[in-house]
2 protein chains.
Amino acid sequence: MPTINDVARAAGVSPSTVSYVLSGRRPISAETRARVQAAIAELGFHPHAGARALASSKTNVLALVAPLRVDVNVPVIMQFATAVVTAARTHNHDVLLLTKDEGTAGLERVAHSTMVDALILMDIERDDVRLPAIRRLKQPSVLIGLPADHAGIACVDLDFEAAAALALRHLAGHGHRRIGLVGPSPAVYQRQTTYADRFLTGFLRASADLGLRTATHPTEPGTDGVRAALADLDTELPGLTALVVHNEEALRPLLDLLRAAGRRVPEDVAIVAICPRDVATSMPVNLTSIDIPAHDVGTLAVETAMRLLDHRRVEFTRLLEPSLAERDSCREIPPSHR
Amino acid sequence: MPTINDVARAAGVSPSTVSYVLSGRRPISAETRARVQAAIAELGFHPHAGARALASSKTNVLALVAPLRVDVNVPVIMQFATAVVTAARTHNHDVLLLTKDEGTAGLERVAHSTMVDALILMDIERDDVRLPAIRRLKQPSVLIGLPADHAGIACVDLDFEAAAALALRHLAGHGHRRIGLVGPSPAVYQRQTTYADRFLTGFLRASADLGLRTATHPTEPGTDGVRAALADLDTELPGLTALVVHNEEALRPLLDLLRAAGRRVPEDVAIVAICPRDVATSMPVNLTSIDIPAHDVGTLAVETAMRLLDHRRVEFTRLLEPSLAERDSCREIPPSHR
DNA sequence: TTGAAAGCGCTACCAT
DNA sequence: ATGGTAGCGCTTTCAA
């Protein structure tokens, strides 16, 4: 492998000139630049990443800490990862993939050994045990999620409170007054990933603001869990006309159960789902949904990391505005029936 | 951040001794080792990855090139990735995540700039355009998949030919004589990812060997595609009693269609699916399946890479034996009905 | 506009 | 069993 010295020699310049041609951090005459670039191309020169990192204290690598359990959210995680890698490349960075399993030790390992310039972490819990370590690192972090104490840490996520409010406003606007929430599994609440709480908070507040009758229910996985949730909601809220479903996994069993019970969607029950677009559109009924904008969130996380590295101003808490796509699972209740 | 020199000073030894304590490449007296380790712990020393890479020509990083399109196979890809990262960590390596989108340029970039010691590539096509580049790299590669010309390149995959034969043997053993193959989408065949061909080859050969009547059909995505495939198979093979399904996405629509048509599984139609275990067990009918052992394949890929790096012997083509899990979608045809 | 040279923090060879 | 030290291939300051 040729080195910068080989290139310098071939081009008849000093190594520093080659370096400056590469980095653009110094004006270079057009002809010198041309000679250097020709030499680079001819020799097939590529700067040695380790040498660069050592000399410049920059690795051009981002750590992405992902929950790599085999989970229901797999598609969403993949969308985040794809967005992060793609966005990182547009900023000339690569991505080192860590599992959440490694915990605090993993972060510290890659940070302390100077393998990465910044970290992006997914699946942040309310009182995430990694937060103290994150605060101590010399590299900046961007969290995808919102822990309880996020002072001084950059966080990016969908605004789940606003999402809940948006779902209820949509349904209320269609004349629905009795609305049930099919929530995430108890495991999600226990894991304290805060999106569940934030959604619930927004749901309850909007319910009060809009003067709705609502009931909420966490949902155990599997058809049995969904059946139980539906039964409880029906009991607590007789005559409910709409459901908000914040649980991807529950969608299909829910639709099956409703069909089996002879309850049509949207004629008898309206549904707003919170899930990735392609999940909403691959169901037996094309579901009106609020998208989980994994791509945007991932891209924004990378952009935030880049700003932090450049010492540019960042908003430390960025909650993306939800947007609702109307499809076929909500219909207007005629005023006479309200 | 403390350096190796700081540690050496604190422990009253030379930097090289610290280095040897770290690497274990030289005998060190117990007491010296203890002093050095105490100094390391006290100072919170972590070797600088770039400096290490520069001095030793080893990065302890593996590249994982994954197809990060948002695809049907997402869960399988995640399982590969998880296995690779986990296995890499047990060998003290980290994983740099690249997208297949970057193509040959991406491989060359990370290889030429010495960011990685070896590469693991997924989603290999029959005449993969990256193969020539892969052969030229100074770093070894391990392919997950089997291209047409794989001479001299380490490849790891499920033995899809054997998988097809296993599926047919199982069904034949249960008395089935007319068996249809619900294949992958035409897009998969066009993309020339060879697992589709290999499965088909194995299917046709075993069909002949076992004296079966079979028909095969690629399957367009969506319920309509599955409906068309099923109709064609029924036409080509009237009275078929079993289906082999090599298409995850088709499974649910297929089961829905069969139910709608009043054809019971397994009483009227037996099914063997080729898919991850959790997909097979999350269907309305618990499906007898041949697992795609993503975890094993990923782990083996890493192990193979490690052997290559250590200049140990490797088998260049490792096709893992398929295994079939009996569940509820195949039943014995009574001899009187065969 | 360009060059010279001092590091960056390690590893591994050559000594002892 | 341990130490000294010359690089590894860059970046960046200081000089011109």
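Note on naming: letters A, B, ... go to the chains in the order of the sequence lines (proteins, then strands), and numbering restarts at 1 for each one.
In this structure, B/Ala118 and B/Ala305 approach most closely via the heavy-atom pair CB-CB, 4.3 Å.
A 4.5 Å side-chain heavy-atom check between B/Thr59 and B/Met115 finds every atom pair outside the cut-off.
For A/Phe160, the ring-ring contact (aromatic ring centres under 6.0 Å, His included) partners are A/Tyr195, A/His246, not counting sequence neighbours. A/Arg9 is linked by a salt bridge (Lys or Arg N to Asp or Glu O under 4.0 Å) to A/Asp6, counting only residues two or more places apart in sequence or in another chain. Evaluation of the ring-ring contact (aromatic ring centres under 6.0 Å, His included) rule for A/His295 yields no partner, not counting sequence neighbours. Take A/Ala154 and apply the side chain to side chain contact (heavy atoms under 4.5 Å, CB included) test, not counting sequence neighbours, and it matches A/Val142, A/Thr304, A/Leu308, A/Phe316. For B/Thr99, the side chain to side chain contact (heavy atoms under 4.5 Å, CB included) criterion is met by A/Val85, B/Leu68, B/Asp101, B/Glu102, not counting sequence neighbours.
For residues 34-45 of chain A, the set of pairs meeting the side-chain hydrogen bond (donor to acceptor under 3.5 Å, both in side chains) definition, not counting sequence neighbours, is empty. The stretch residues 137-148 of chain B participates, sequence neighbours left out, in no side-chain hydrogen bond (donor to acceptor under 3.5 Å, both in side chains) pair at all. Evaluation of the salt bridge (Lys or Arg N to Asp or Glu O under 4.0 Å) test over residues 17-29 of chain A, restricted to residues two or more places apart or in two chains, returns none. For residues 293-314 of chain B, the salt bridge (Lys or Arg N to Asp or Glu O under 4.0 Å) pairs, not counting sequence neighbours, are B/Asp310-B/Arg312.
Phosphate proximity of C/dG3 to A/Thr17: present, with a side-chain N or O under 4.0 Å from OP1 or OP2. For B/Thr32, a side-chain nitrogen or oxygen approaches OP1 or OP2 of D/dT2 to under 4.0 Å. Taking side-chain N and O atoms only, B/Ser19 has a distance below 4.0 Å to OP1 or OP2 of C/dT11. The side chain of A/Ser29 places no N or O atom within less than 4.0 Å of a non-bridging phosphate oxygen (OP1 or OP2) of C/dT1. Side-chain N/O atoms of B/Ser14 include one lying less than 4.0 angstrom from OP1 or OP2 on D/dG3.
Atom CD of B/Glu31 and atom C1' of D/dA1 are 10 Å apart (whole Å). Atom CG of A/Asn5 and atom C1' of D/dC10 are 9 Å apart (whole Å). B/Leu22 has its CG atom 12 Å from the P atom of C/dA12, to the nearest Å. Computed from coordinates, the B/Asp6 CG to C/dG9 P distance equals 9 Å when rounded to whole Å. In this entry the distance linking CZ of A/Arg9 with C1' of D/dC10 reads 15 Å, nearest Å.
Residues from residues 35-61 of chain B lying near DNA chain D, meaning a heavy-atom separation below 4.0 Å, are B/Leu54, B/Ala55 in numerical order.
Relative to the axis of its first five pairs, the axis of the last five pairs of the helix from C/dT1-D/dA16 to C/dT16-D/dA1 sits at 30°, rounded to 10 degrees.
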Quick test: give all pairs of protein nitrogen or oxygen and nucleotides 14-16 of chain C nitrogen or oxygen below 3.5 Å, distance rounded to 0.1 Å.
residue	atom	partner	partner atom	Å
C/dC14	N4	B/Arg26	NH2	3.3

